[in-house]
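Here is the structure we will look at, set down as structure tokens.
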Amino acid sequence: MEKRERGILLEAEKFKENKGVKKEKMGEEAKGEFEPKIIGFTCNWCTYAGADLAGTSRKKYPPNVRLIRLMCSGRLDPMFVLKVLLNGADAVFIGGCHPGECHYIKGNFYARRRIAAIRTILKQFGLDNRVRAEWCSASEGDKFARIMKEMAEDIKKLGPNPMRGKIL
Amino acid sequence: MKGTELKYEDLEGLFKGLLDKKAVDCLILPHKVGNNVAYMMATDKDRIEPPVPAIFAPSFSVNAANIVKGWTIPEKIGIVAKPCEIRAAVELIKLRQMDKESVLLISVDCSGTYKNQDYADHYGEIGDWVDSAKIEELKGKGIAIREACEICDNRFADVGDIGIARVDGEKVLVAGITDMGIEALSALELSLEDKEIERQEEKEKIAADAKKKEEELPKASSVEELEEFLRDCIVCKNCRDMCPVCYCKECFFDQPLGNPVGGDLLNLAELRGAIAVPANQLMYHLTRVYHVSTTCVGCGACEDACPKDIPLTRFYPVIAKKVQEIFEYVPGKDVEEPLPFVTYEEEELEDKLR
């Protein structure tokens with residue numbers, strides 16, 4: 001019981017600290033054009049390195065994506081996708097090594113099945129086009145930049161996530 | 001299939017024999033309670049009551065696989081239940097919640113069931129069993145079978161180790177489906193012959209009807225409709241507790257992250273500006289449907305368990321079937337077939353990713 005109460009106190013402290021940060025964190029939209037927010041889950045060995053290459057070789061791509069590095073696309077629990085969408089992000093990008101080239105041999109094969117399943121579920125509610133998985137190797141900086149451009153355009157056309165602003 | 005034809009009254013001897021010959025250490029089977037049926041677990045053969053009509057009664061109370069979830073002891077248990085319950089048990093074996101060697105699964109023909117309270121209320125009209133003609137007739141009187149049964153296309157006793165199929169007249173065909181089933185039947189000194197009952201045509205008709213009915217069901221097709229569909233949910237998690245294939249020892253939604261209280265809840269509200277309470281309602285259902293997507297047998301226990309009468313059959317089995325289609329997987333059909341999420345093919349599903 002005591003432990004639980006202490007936990008709540010700590011959480012309350014955190015709440016006070018975070019209070020002012022919220023607006024910035026949630027990225028309140030600038031006036032004018034809709035700027036989608038895309039959360040990208042990329043694997044450490046291929047797509048993250050590919051994104052790095054896109055940066056070091058000065059490829060331009062829209063700044064809508066926020067990358068989260070995972071060790072492998074197989075680390076992606078489809079609950080991450082649900083949570084991202086429920087918290088109001090407009091799209092989810094998942095990047096992994098090409099099938100057969102996984103650093104952990106078969107992580108992306110499992111990831112592929114999971115992503116196909118979660119997309120099938122989201123399809124029932126018209127949300128599947130907000131989730132996109134691509135295989136992008138460490139040498140494909142071009143491809144990474146191209147995908148980001150395409151995605152930003154696609155989601156701009158789609159409009160904001162219908163879950164955003166809902167009391168869920 | 002190796003089997004033998006028995007009269008209804010011989011079934012009592014069959015079940016007693018299974019206990020007597022130590023083919024199983026205990027037996028779960030339905031028995032009559034007033035106008036209804038309920039499951040019992042018997043270890044003493046003298047406590048077995050005549051199993052007909054109880055085993056054919058079109059009443060669904062709890063999924064029998066739920067009773068043996070986490071049967072981690074070596075003693076052997078026999079389960080006499082409807083095909084959906086047996087299929088759930090097969091999935092639990094694959095999920096390593098039960099040992100294949102410590103369960104003897106006996107499936108019984110089913111033609112659709114009523115909620116157990118409906119069955120008790122209308123026992124006079126429904127009687128001890130129904131066929132498709134009677135189901136239609138009763139539907140006209142406003143007594144309908146469960147939606148889960150309407151869209152079910154696996155009603156025959158061809159799953160598990162032993163199947164008990166109803167044949168014309170006062171007879172059943174008891175057939176061993178797996179080696180373990182045949183062994184158990186042989187121990188009873190039954191004369192087993194090669195028997196087949198040709199029901200392919202009937203099976204196809206049922207599947208076609210079920211598919212049609214499934215398509216006719218109203219479904220949520222957008223976020224707004226889903227929000228409306230789940231509006232009354234109080235996140236009591238009964239649907240999880242009664243689901244035979246929702247088996248985690250500690251559910252994510254019982255932990256602080258999934259079930260936030262106090263400061264955690266406040267932080268969540270602060271993150272989104274405003275949240276619904278109880279929290280994580282939509283997250284709970286979407287996560288759960290993903291977790292059971294490959295193993296859902298469509299028994300409809302979730303809908304029966306819902307205290308708010310949300311028609312969850314239109315959500316869980318319907319969506320799960322869509323996922324099972326992409327993996328061409330039928331849950332509970334074959335105990336040797338690996339679960340879709342623990343296997344893969346090198347080239348597949350590329351059109352489902354973007």
Side-chain angles (χ1 to χ4, degrees), chain A residues 4-5 7-15 18-19 21-22 25-26 77-79 81-83 85-88 93-94 99-100 106 108-129 131-135 147 150-151 161-168, chain B residues 219-227 230 252 256-258 260-277 279-283 285-287 289-291 293-294 315 318-320 322-327 340-354:
Chain A
R4 181 77 236 178
E5 274 169 10
I8 291 171
L9 270 179
L10 283 174
E11 289 299 330
E13 289 292 314
K14 212 160 80 188
F15 173 70
N18 289 345
K19 215 164 178 352
V21 190
K22 184 204 155 191
K25 208 166 64 183
M26 289 298 285
D77 185 330
M79 275 179 85
V81 175
L82 294 175
K83 189 161 183 176
L85 291 175
L86 277 162
N87 276 351
F93 166 73
I94 302 146
K106 50 189 185 180
N108 55 1
F109 288 131
Y110 293 127
R112 185 165 61 186
R113 289 209 149 197
R114 292 181 197 137
I115 296 161
I118 196 73
R119 279 187 93 253
T120 308
I121 292 167
L122 291 173
K123 195 176 179 181
Q124 310 305 311
F125 312 109
L127 291 168
D128 60 322
N129 42 17
V131 181
R132 177 168 172 178
E134 290 284 353
W135 314 126
I147 294 164
E150 278 174 20
M151 243 188 127
N161 179 357
M163 290 196 186
R164 187 193 283 198
K166 277 207 188 320
I167 298 174
L168 294 173
Chain B
K219 295 176 203 81
S221 60
S222 66
V223 175
E224 283 76 18
E225 283 172 29
L226 180 63
E227 204 186 356
L230 296 171
F252 176 84
L257 211 56
V261 291
D264 293 335
L265 191 62
L266 186 61
N267 275 331
L268 193 63
E270 173 71 356
L271 178 72
R272 294 197 206 154
I275 52 165
V277 278
N280 279 345
Q281 185 199 65
L282 197 52
M283 180 76 177
H285 285 286
L286 286 174
T287 303
V289 75
Y290 167 70
H291 282 178
S293 60
T294 56
F315 188 72
V318 169
I319 295 176
K322 295 265 189 308
V323 176
Q324 288 157 12
E325 269 165 24
I326 67 168
F327 298 122
F341 288 145
V342 301
T343 181
Y344 60 85
E345 275 167 39
E346 294 201 355
E347 281 174 31
E348 60 172 357
L349 301 170
E350 286 296 329
D351 57 324
K352 301 274 189 294
L353 303 179
R354 51 192 79 91

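What you see is a predicted model; the values in this text were computed from it and never measured. Just so we're on the same page: letters track the sequence lines, and every chain starts at 1.
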As an exercise, state the distance from [atom1] of [X] to [atom2] of [Y], rounded to the nearest 0.5 Å.
X	Y	atom1	atom2	result
Asp77(A)	Phe252(B)	CG	CZ	8.5 Å
Leu230(B)	His285(B)	CG	NE2	5.0 Å
Ile319(B)	Leu122(A)	CD1	CG	9.5 Å

Top contributor to chain A interface from [options] [non-hydrogen pairs under 4.5 Å]:
options	answer
Ile275(B), Thr343(B), Val277(B)	Thr343(B)
Ala220(B), Ala274(B), Ser221(B)	Ser221(B)
Val318(B), Leu349(B), Val289(B)	Leu349(B)
Glu348(B), Glu227(B), Lys322(B)	Glu348(B)
His291(B), Glu224(B), Gln281(B)	Glu224(B)
Glu345(B), Lys219(B), Glu225(B)	Glu345(B)

Legend entry - Tyr344(B) vs Arg112(A) side-chain heavy atoms within contact, under 4.5 Å: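 When only atoms from C-beta onward are counted, Arg112(A) and Tyr344(B) do not touch, as no gap falls below 4.5 Å.
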Inset, instruction - For the pair Phe341(B) and Tyr290(B), name the ring-plane relationship: parallel under 30°, tilted 30 to 60°, perpendicular over 60°. - result: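 Because their plane-to-plane angle lies in the 30° to 60° range, the rings of Phe341(B) and Tyr290(B) count as tilted.
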Legend entry - Contact origin within Ser293(B) toward chain A - heavy atom pairs under 4.5 Å: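 Side chain of Ser293(B) only, per the 4.5 Å heavy-atom cut-off to chain A.
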Inset, instruction - Measure distances from Leu127(A) to the heavy atoms of chain B and classify the residue's part below 4.5 Å as side chain, backbone, both or neither. - result: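 For Leu127(A), side-chain heavy atoms alone lie under 4.5 Å from chain B.
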Inset, instruction - Please flag which part of Arg113(A) lies under 4.5 Å from any non-hydrogen atom of chain B: side chain, backbone, both or neither. - result: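 Interface part for Arg113(A): both.
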Inset, instruction - Locate the shortest heavy-atom distance separating Ala116(A) from Leu353(B); write the atom from each residue and the value. - result: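 Looks like N-CD2, 4.2 Å.
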Legend entry - Which of Gly100(A), Gly126(A), Pro78(A), Pro162(A) touches chain B most, by non-hydrogen pairs under 4.5 Å: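 Heavy-atom pairs under 4.5 Å are most numerous for Pro78(A).
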Inset, instruction - Can you establish whether the number of heavy atoms outside Lys123(A) located under 6.0 Å from its atom NZ is more than 12? - result: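 Counting other residues, nucleotides and ligands, NZ of Lys123(A) stays at 12 neighbours or fewer.
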